[in-house]
Amino acid sequence: MERIEHRACFGGWQDVWRHESTALGCTMNFAVYLPPQAHEGKSAQKLPVLYWLFGLTCTEQNFITKAGAQRYAAEHGVIIVAPDTSPRGDAVADAESYDLGKGAGFYLNATQQPWATHYRMHDYVAGELPKLIEAEFPASERRAISGHSMGGHGALVIALRNPGRYRSVSAFSPIVAPSQAPWGEKAFSAYLGADRETWKAWDATELLKTAMERLPLLIDQGEADEFLASQLRPHVLQAAAEASGHPLTLRLQPGHDHSYYFIASFIGEHIAHHAAALRA
Ligand SMILES: N[C@@H](CCC(=O)N[C@@H](CS)C(=O)NCC(=O)O)C(=O)O
């Protein structure tokens, strides 16, 4: 494992690490924000971790340079870990379009070739990465997960598939029902194949119907989001949550679009929400 960026930030450090991932079979970058509490000599005290999952086209950089999250992570003593969005490297399959292949891993384990060889982002994010973080950093097993768009889908699906592993989950502008959205239909057809039954295991709205754990969901969605009606449609999840009695707070934010300006506006509230659950 090699540290490739190290920058002082709000009393802590914004770092980027590079390592060989076993789950993905390639070299991966992930960002780690270590708040000041990680360096205050209380080495016995481990800090909780918020995992951030990105949307389409992103790398580990977008959140750390645009969301302004470090200030709030420093305030609350939370480590933030933000992995890249797909396997990377010349040996990894790719597509011409921005919404399939590299930069578009959809946080699932692909079953179809040529994707199945490397595209195992679920196992990376839910298994390999936390294991590494908890071994190499002053990180406790108190975990929260959040993300944006494709990453909002990832956060919801990973939390719902792994009951007990996360203390809280939130999302910005998530793809709540990828089986019913053009982005999801394209990605799931390629990664999982034509049998839509197999898609249900990777669709938050479907998973919610049979969830074993009633982990409350917090979702912020911009009303002026250019993808709201065509791809995101949070009311589909809201209807499923109401039908199954799953706790969901869906906040529609007037004027906000799909960008990181939206995320920056509400990330402080999300981090406070996660910090409260992580402290409890
Ligand atoms: N067609 C758009 C869609 C991609 C997009 O909007 N990506 C969002 C996530 S779904 C994002 O976070 N972009 C990077 C950024 O704003 O920093 C593009 O290629 O820019």
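Remember, it's 1-based here, ligands and their atoms both numbered in the order they're listed.
- Summary of contacts: the protein heavy atom closest to atom 18 (C) of ligand 1 is Thr57 CG2, 4.3 Å.
- Remark: ligand 1 atoms within the under-4.0 Å shell around heavy atoms of Asn62 are 14 (C), 15 (C), 17 (O).
- Between Trp202 and His122, the two ring planes are perpendicular [angle over 60°; tilted spans 30° to 60°].
- In summary, of the residues considered (Phe63, Phe10, Trp13), a side chain to side chain contact (heavy atoms under 4.5 Å, CB included) with Tyr33 occurs for Phe10 alone.
- For ligand 1, the atoms closer than 4.0 angstrom to any heavy atom of Ser149 are 10 (S).
- At the top of the distance list for atom 2 (C) of ligand 1, counting protein heavy atoms only, stands Tyr98 CE1, 4.3 Å.
- Ligand 1 is never approached by Ser259 to a heavy-atom distance shorter than 4.0 Å.
- Residue-ligand proximity: Lys66 is placed with a non-hydrogen atom under 4.0 Å from ligand 1.
- Each of the atoms 6 (O), 10 (S) of ligand 1 lies under 4.0 Å from some heavy atom of His258.
- Remark: ligand 1 atoms within the under-4.0 Å shell around heavy atoms of His148 are 9 (C), 12 (O).
- The aromatic rings of Tyr260 and Phe54 lie tilted to each other, with the angle between the two planes from 30° to 60°.
- Of the N and O atoms on the side chains of Thr117 and Gln113, at least one donor lies less than 3.5 Å from an acceptor on the other residue.
- Polar contact with ligand 1: present for Leu56 (N/O pair, distance under 3.5 Å).
- Residues Phe227 and His258 place their aromatic rings such that the two centres sit under 6.0 Å apart.
- Closer than 4.0 Å to atom 20 (O) of ligand 1 lies none of the heavy atoms of the protein.
- For Phe262 and His256, the distance between ring centers is under 6.0 angstrom.
- Between Phe30 and His19, the ring-plane angle classifies as perpendicular under the 30° and 60° cut-offs.
- Ion pair Glu5/Arg3 not flagged as a salt bridge, since none of the NZ, NE, NH1 or NH2 atoms sits closer than 4.0 Å to an Asp/Glu carboxylate oxygen.
- Atom 11 (C) of ligand 1 has its nearest heavy-atom neighbour, among Cys58, Ser97, Gly55, in Cys58.
- Polar contact with ligand 1: absent for Tyr260 (N/O pair, distance under 3.5 Å).
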